[in-house]
Amino acid sequence: MAAPINADVLTLFPFSSWTNVFTDKSSVVAPGPWRHYSTQGPPGPWKHDSTGPPWKLLFFGSDDFALESLKLLAADVNRSASERVVESLEVVTLSSDVPVKRFATQNQLPVHTWPPGDLDGKFDVGVVVSFGCLLQERLINKFPYGILNVHPSLLPKWRGPAPVFHTILHGDTVTGVTIMQIRPHRFDVGPILNQDVYQVPDNCTADELGSVLATKGAHLLIETLKTLSERLASKREQPWTGATSAPKISTSLSWVVWEEQTCDQIDRLFRAIGSRIPLRTLWMSRTIKLEDFVGKCHVSLSGRGREPIPGSVIYQKESNTVAVCCKVGSTDKTVDI
């Protein structure tokens, strides 16, 4: 047996996932569940009597991430007058059949279609979570306490529509949620009112992390609303250092090039986008869809008469999987030949 060589661990896919697919001609992107295009202007000249909770609140949201915050706000409305932080709750949602609209309708919450009509003097504060539409400055100025946003990252890191995807994709071990106040012209740059840190579990997927952060963000929102006046008075600007961008995920990111990506990188890519966009690669000049990722492994190539170069494919009959050799990484283990 020859001495061990420095070769990357192998990436395993079920044999059945190596199926031919048509060339993807679309430019479809994975829906960024945390995208919001919002602005916040300077405080307007309102006459307002409320200095603390309970608040008259208008919620802007669409998807499952936003739904967690709406559920907690709706539950708070039903608490006793001395305990609740929300006096009244109304919802702005898109005309399509989205989770937030379904929940609001089922729970008899007043629903405004986008864009909303006259809001003058009707609300104290707005909350936008994963809404997906631009909020104009003139709309934001209708709210004496501005509009708050629940963002699933520790701003200023991962500003943009896909923070959870990029957290997994880049192998971050720490993330969290931020409650910020929206400012005009750019999103995710407003002052921070509250933050909560979260340790990213090993082998966590973007869907799993997004679900956890949605719940944590909802609870942090309620906590912030309880002391909103004090939070606004002590808000802090985001630092210039440490800011990173989290652009939306596109289908172009799903291509696997074995010579350029290590097994760890492919593992993170699958956990980040695999549930939304199947990974793809070229094999014998044909497009192959990798529908499932079994995991990393070490396979002995002894006696197979093949060099373990990136892209080498081995079919393992006993497990009905295909093992693919990846690019050598700086922390790779060894494979016996």
Side-chain angles (χ1 to χ4, degrees), residues 29-44 57-63 65-66 69 92 114-115 123-170 172 174-198 206 209-210 213-214 216-218 220-221 223-225 227-250:
V29 298
W34 303 280
R35 181 155 193 159
H36 57 276
Y37 303 88
S38 310
T39 55
Q40 163 86 23
L57 191 147
L58 184 62
F59 183 88
F60 300 77
S62 60
D63 61 18
F65 184 83
S69 290
V92 177
W114 178 258
F123 300 99
D124 302 316
V125 62
V127 171
V128 58
V129 187
S130 186
F131 185 53
C133 291
L134 176 67
L135 304 187
Q136 299 291 341
E137 184 173 354
R138 63 178 179 273
L139 171 61
I140 297 170
N141 286 341
K142 304 291 186 182
F143 299 87
Y145 288 83
I147 295 183
L148 311 184
N149 172 243
V150 181
H151 187 82
S153 80
L154 296 176
L155 292 172
K157 191 168 188 178
W158 301 134
R159 293 171 173 169
V164 175
F165 293 118
H166 287 275
T167 296
I168 298 297
L169 185 63
H170 290 82
D172 293 355
V174 177
T175 185
V177 287
T178 300
I179 307 297
M180 58 161 282
Q181 188 180 37
I182 291 171
R183 277 189 172 167
H185 312 309
R186 296 177 61 192
F187 56 88
D188 301 336
V189 298
I192 295 170
L193 305 187
N194 210 347
Q195 284 186 318
D196 189 15
V197 177
Y198 180 68
L209 181 60
L213 296 183
K216 293 182 73 68
L220 193 65
L221 173 63
E223 177 186 310
T224 303
L225 288 170
T227 56
L228 181 56
S229 297
E230 292 83 352
R231 294 282 180 181
L232 290 172
S234 60
K235 62 188 178 184
R236 56 187 176 90
E237 299 296 329
Q238 294 186 33
W240 288 98
T241 58
T244 55
S245 177
K248 62 186 178 181
I249 302 299
S250 69

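Nothing here was measured: the structure is a model prediction, and the numbers come from that model.
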Test item: V150 and I179 side chains (from C-beta on) under 4.5 Å apart, heavy atoms: yes
Closest heavy-atom contact between L232 and Q181? CD2-NE2, 3.6 Å
Between CG on residue D196 and CD on residue E223, distance to nearest 0.5 Å: 7.5 Å
Pairs meeting criterion salt bridge (charged side-chain N to carboxylate O under 4.0 Å, His left out) with involvement of residues 158-167, two or more places apart: none
Ignoring hydrogens, what is the shortest heavy-atom contact between K216 and V197? Give both atom names and the distance. CE-O, 4.3 Å
Derivation and outcome, side-chain contact (heavy atoms from CB on, under 4.5 Å), residues F59 and V129: CA-CA 8 Å; F59 183 88; V129 187; 3.8 Å; yes
Side chains of L135 and W114: does their closest heavy-atom pair fall under 4.5 Å? yes
Which atoms form the tightest heavy-atom contact between P163 and G160, and what is the distance? CD-O, 3.4 Å
Is there a side-chain contact between L213 and T167 (heavy atoms, below 4.5 Å)? no
Contact summary for A162 and K248, nearest pair of heavy atoms: CB-CA, 4.1 Å
Non-hydrogen atoms of F131 and G61 that approach each other most closely: CD1-N, 3.4 Å
Here the pair of heavy atoms bringing P156 nearest to P239 is CG-O, 3.7 Å
Straight-line distance of D124 CG to L228 CG, nearest 0.5 Å: 9.5 Å
N149, L148, V177, N194 screened by side-chain contact (heavy atoms from CB on, under 4.5 Å) with L221, the one that passes: L148
Only one of T178, D188, V164, D172 forms a side-chain contact (heavy atoms from CB on, under 4.5 Å) with W158, so which one is it? D172
Rounded to the nearest 0.5 Å, how far does CZ of R236 lie from CZ of R231? 10.0 Å
Applying side-chain hydrogen bond (donor to acceptor under 3.5 Å, both in side chains), name anything that partners R138, two or more places apart in sequence or on another chain. none
Flag the pair H166 / K157 as yes when at least one side-chain heavy-atom distance between them is below 4.5 Å, and no otherwise. no
Those residues at least two apart in sequence (or on a different chain) that pass side-chain hydrogen bond (donor to acceptor under 3.5 Å, both in side chains) with S69 are none
Evaluate side-chain contact (heavy atoms from CB on, under 4.5 Å) for F60 paired with L139, printing each intermediate quantity in order. CA-CA 12 Å; F60 300 77; L139 171 61; 4.2 Å; yes
d(L193 CG, E230 CD) to nearest 0.5 Å is 11.5 Å
